[in-house]
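In what follows, chains carry the letters A, B, and so on, assigned in the order in which the sequence lines appear, proteins first and then strands, with residues in each chain numbered from 1.
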2 protein chains.
Amino acid sequence: MNPDRAGDAVAQRAVRREELLDAADRVICRDGPAASMAQIAAEAGITKPILYRHFGDKGGLYVALTERYTGRLLVELRTALDSGQDRRDRVERTVRAYLGSIDADREVYRFLTRSDEGLPAHSHVLSFRRRLAGLLADGIAVELGVPASRASAWAHGIVGMVESAGDWWLESRTLTREELVTELSDLLFGAYAGAGSPSGTGPGPSLPLG
Amino acid sequence: MNPDRAGDAVAQRAVRREELLDAADRVICRDGPAASMAQIAAEAGITKPILYRHFGDKGGLYVALTERYTGRLLVELRTALDSGQDRRDRVERTVRAYLGSIDADREVYRFLTRSDEGLPAHSHVLSFRRRLAGLLADGIAVELGVPASRASAWAHGIVGMVESAGDWWLESRTLTREELVTELSDLLFGAYAGAGSPSGTGPGPSLPLG
DNA sequence: CCAAGGGGTTACCGCGGGTAACAGCGTCGC
DNA sequence: GCGACGCTGTTACCCGCGGTAACCCCTTGG
């Protein structure tokens, strides 16, 4: 076609790749995370072997998609983590950002959390969790001056806490997003320790459970 | 063979079912959670259609396995939740029990946590999480006198926190189990709130600042 | 002796991941 | 100009796995 210069070949390829990922994105947003390669190819207006030439196998495509999604999410969370005036504020902003993201597109969320074991993409999701937890752990270690082992354990715990609560929230919807942000932040900030806690209702009788 | 009486037929069937589940258990423990029906059948010394006669489809088999596994785990966690002298003690016992269980058989753990979306077993795993979180939420609501919405949010968060930290722990092994129990309990009991105020009950494990 | 029925098998279908082989087409070297 | 190359695209296929239909054989009971 155009007298494109030499180096453009690789750029062209990259562009195509993004287009294919766009197609996969559309299919997954429309039909859920169990999309087949043929479906994705059809959505892109081509056939399977092309997908395989670009991504190797289904795992490769899913890894690429996972990178795209987690990249966006990580940026949002990072900025939230870096903003705010004090620790409490930062925590609330970050939790809010996470809940907002997973709420914005549930199919993508399902794609990320329920991706098949076996597919390499899954290990990539894990690595995203690790990166996120690593960010958190660094922040905690610096901010609180606790040893790395403690910071890591806490970071992974916190990530799972928000993830699991978010999962439940998406399905039950018994709280507003802002309420959940408050609940989780309270939990993190020691509301569970003492019975009488901030922002909540209530006295604090700590009766032992039988 | 033996002149077994009439009602034994159904009992016999139940026994057989358990044997088949045993076989599936063995395969999954040996080869991981991606076992095929033919593999499981071979392990049981039979062929596929028999499995299908007993469990309907792969989902049915996996649901049965999931029930078996989660049943055991739920019993352990329930007793841990009901034991102990104070809240801190109960939390530690429960976290310890959970970590011990997932450590005892990692393939089973992977089977439970990474079971395929799509397969009905996955929703069964989710319902296990919900049951567990429900138990926790009840305990929290009673013990702390907080409203149900707060108790539920916290419960799901706590379940996810322990699960995620446990996941990380299984792979990294940078802590002993007992250390992780302490870290998570500290986190729950407000150690994150103030840098220098660790746990709830008594002196507790002081921050080994390092 | 002959049905009934349940445990067991083989042989097959459909579908999805993955691949080989081939077809058009623009570019490069001679 | 012309063949060699490389890239995009295709069709048609293989294989493994979930799931099933049809059949086999042995026991039970009238």
Rounded to whole Å, how long is the line connecting atom [atom1] of [X] with atom [atom2] of [N]?
X     : N      : atom1 : atom2 : result
A:I46 : D:dT8  : CD1   : C1'   : 10 Å
B:H54 : D:dT20 : NE2   : P     : 16 Å
B:L51 : C:dG7  : CG    : P     : 13 Å
A:I50 : D:dT8  : CD1   : P     : 9 Å
B:L20 : C:dG7  : CG    : P     : 11 Å

**Fill in**
By side chain to side chain donor-acceptor pair (under 3.5 Å), A:Y52 pairs with (sequence neighbours left out) none

**Item:** side chain to side chain donor-acceptor pair (under 3.5 Å) partners of B:D167, counting only residues at least two apart
**Value:**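 B:Y109, B:R114.
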
Give each protein N/O atom lying under 3.5 Å from an N/O atom of nucleotides 13-17 of chain C, with the pair distance.
from: C:dG17; atom 1: OP1; to: A:K58; atom 2: NZ; distance (Å): 2.5
from: C:dG17; atom 1: OP2; to: A:M37; atom 2: N; distance (Å): 2.9
from: C:dG17; atom 1: N7; to: A:K48; atom 2: NZ; distance (Å): 3.3

Residues [X] and [Y] bridged, charged N to O under 4.0 Å:
X      : Y      : answer
B:R150 : A:E179 : no
B:D103 : B:R173 : yes
B:E92  : B:R88  : yes
B:E163 : B:R129 : yes

Hey, is the side chain of [X] poking within less than 4.0 Å of OP1 or OP2 on [N], counting only N and O atoms?
X     : N      : result
A:T47 : D:dT10 : yes
B:R13 : C:dG6  : no
A:R53 : C:dA20 : no

